[in-house]
Amino acid sequence: MLIVLSLGGSILAKNLDPNRFLKYADVLRELSKKHTLLVVAGGGEAARNYIDTARAVGADEVTCDYIGIEITRLNARLLAAALGPDACPGIPTNYLEAAKAMRPGKVVVMGGVIPGQTTDAVAAILAEFLRADLLAIATSIDGVYSADPNCDPSAVKYDKISPEKLINIVMAIEMKAGSKSPVDPVAAKIIERCKLDALVMDARDPAVLGEVLNGEAAKKSPISCGTWITTKI
Ligand code: UTP
């Protein structure tokens, strides 16, 4: 399978712990033996901290986005360093560069691309561009809920959701640099237009990410730690 993985900065770069980078790198290295893999690293807490400070000094939202992009690229560089020779050389800064960077058995790692979106959108557009078999969004939440489960105790988790329904849910969430949504609205629209099968999953444990992408994701069956976004409901 050709898999594009959006690897959330909040799980990859938590406390900038080198062991987390190394553990994710081990999982990705194993996956790349069976699958063609491209990874888009997120910014996580560091991006949010930088963006908060930028806003506090009066930066506009586009400048905040550019700052966020820089942090995602730093996390991508750290992950590529952890992968060592198993990463393709360089950090692509756009989709064409990512396509050109692909090498058999090696993992392409990149970060953000342009303001106005998050790395989920980068991964979705890259998946559409490369006609990927799967877009995996690895994050710290166990799927898509009908409402924010932290605020609404009646929120229910979906095993499967259509792209149209996902768009309705995410459009209700504020879109600002650094904002939190299960899937970025741009990514949701891309998933809808290219009818791509996508999985949003809790991948705080790198081992779970490996198990799911090697096992259940290949079968595209429901999983307890995630939600499938699919037209086949
Ligand atoms: P992330 O993709 O990390 O956002 O990009 P996130 O939703 O906070 O994800 P986690 O926490 O890593 O899981 C961080 C910020 O970088 C900017 C946006 O401001 C985003 O909120 N960004 C990123 C862009 O403007 N364009 C991009 O292509 C990527």
Side-chain angles (χ1 to χ4, degrees), residues 4-17 20-21 24 38-57 59-79 91-98 108-129 135-145 148 150 166 169-191 198-206 208-209 225-227 229:
V4 177
L5 170 67
S6 171
L7 186 51
S10 51
I11 58 172
L12 170 68
K14 195 172 177 208
N15 304 323
L16 280 182
D17 175 359
R20 290 193 72 77
F21 281 91
Y24 282 108
L38 297 97
V39 181
V40 185
E45 196 186 356
R48 269 188 286 282
N49 289 343
Y50 266 86
I51 287 168
D52 285 349
T53 302
R55 249 187 225 126
V57 300
D60 58 87
E61 287 301 308
V62 178
T63 300
C64 291
D65 282 341
Y66 276 121
I67 288 170
I69 291 168
E70 295 295 339
I71 303 293
T72 64
R73 289 179 178 164
L74 284 176
N75 285 339
R77 277 201 190 278
L78 281 174
L79 180 60
I91 303 298
T93 57
N94 62 50
Y95 308 106
L96 267 176
E97 282 181 16
V108 172
V109 187
M110 66 186 293
V113 169
I114 48 157
Q117 58 179 32
T118 74
T119 45
D120 289 348
V122 176
I125 294 166
L126 189 60
E128 180 179 35
F129 184 44
L135 166 66
I137 299 179
T139 175
S140 56
I141 50 166
D142 64 350
V144 180
Y145 284 76
D148 182 349
N150 296 316
L166 176 74
I169 292 172
V170 299
M171 287 312 280
I173 298 169
E174 191 183 22
M175 190 184 167
K176 273 171 92 177
S179 86
K180 266 323 298 153
S181 160
V183 179
D184 145 0
V186 181
K189 286 295 288 178
I190 297 293
I191 292 166
L199 175 66
V200 179
M201 65 168 288
D202 177 354
R204 283 173 294 177
D205 180 347
V208 172
L209 179 68
C225 63
T227 297
I229 304 159

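One-based numbering, in listed order, for ligands and for the atoms of each.
For V113, the heavy-atom gap to ligand 1 drops under 4.0 angstrom. Using 4.0 Å as the threshold, I71 has no heavy atom nearer than that to any atom of ligand 1.
Within the listing of ligand 1, atoms 12 (O), 13 (O) sit less than 4.0 angstrom from a heavy atom of G8. Every atom of ligand 1 with a heavy atom of G112 under 4.0 Å away is listed here by number and element: 27 (C), 28 (O), 29 (C). Close contacts between ligand 1 and R48 involve ligand atoms 8 (O), 11 (O) [criterion: under 4.0 Å to a heavy atom]. Taking every non-hydrogen atom of T72 and a distance limit under 4.0 Å, the qualifying atoms of ligand 1 come out as 5 (O). The ligand atoms of ligand 1 that sit less than 4.0 angstrom from a heavy atom of P115 are 25 (O). The contact set between ligand 1 and G116, taken as ligand atoms under 4.0 Å from a residue heavy atom, comprises 25 (O). Interface of V122 with ligand 1, defined as ligand atoms under 4.0 Å from a residue heavy atom, comprises 28 (O).
Here the CE atom belonging to M110 is positioned 14.0 Å from the CG atom belonging to N75, to the nearest 0.5 angstrom. Of the inter-residue distances, the one linking C225 atom SG with L209 atom CG reads 9.0 Å to the nearest 0.5 angstrom. To the nearest 0.5 Å, the span separating CG on L135 from CD on E128 amounts to 11.0 Å.
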- Query: Going through the distances and angles, do T63 and D60 end up as a side chain to side chain donor-acceptor pair (under 3.5 Å)?
  - Reply: CA-CA 5 Å; T63 300; D60 58 87; 2.9 Å; yes
- Go through V208 and D202 one step at a time and tell me if the side chain to side chain contact (heavy atoms under 4.5 Å, CB included) criterion holds. CA-CA 8 Å; V208 172; D202 177 354; over 6 Å; no
- Check against side chain to side chain contact (heavy atoms under 4.5 Å, CB included), F129 and L96: CA-CA 9 Å; F129 184 44; L96 267 176; 3.9 Å; yes
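Of the options D65, T119, I114, the smallest heavy-atom separation from atom 26 (N) of ligand 1 is shown by I114. When the heavy-atom distances from atom 15 (C) of ligand 1 to C64, G68, G42 are ranked, the shortest goes to G68.
Looking at V144 and V170, their side chains never come closer than 4.5 Å, going by heavy atoms from C-beta outward.
Residues satisfying the salt bridge (charged side-chain N to carboxylate O under 4.0 Å, His left out) criterion with R20, sequence neighbours excluded, are absent altogether. Partners of D142 according to the salt bridge (charged side-chain N to carboxylate O under 4.0 Å, His left out) rule, which considers only residues two or more places apart in sequence or in another chain, do not exist here.
An N or O contact shorter than 3.5 Å is missing between D120 and ligand 1 by distance. Considering backbone and side-chain atoms together, A47 places no N or O closer than 3.5 Å to any N or O of ligand 1.
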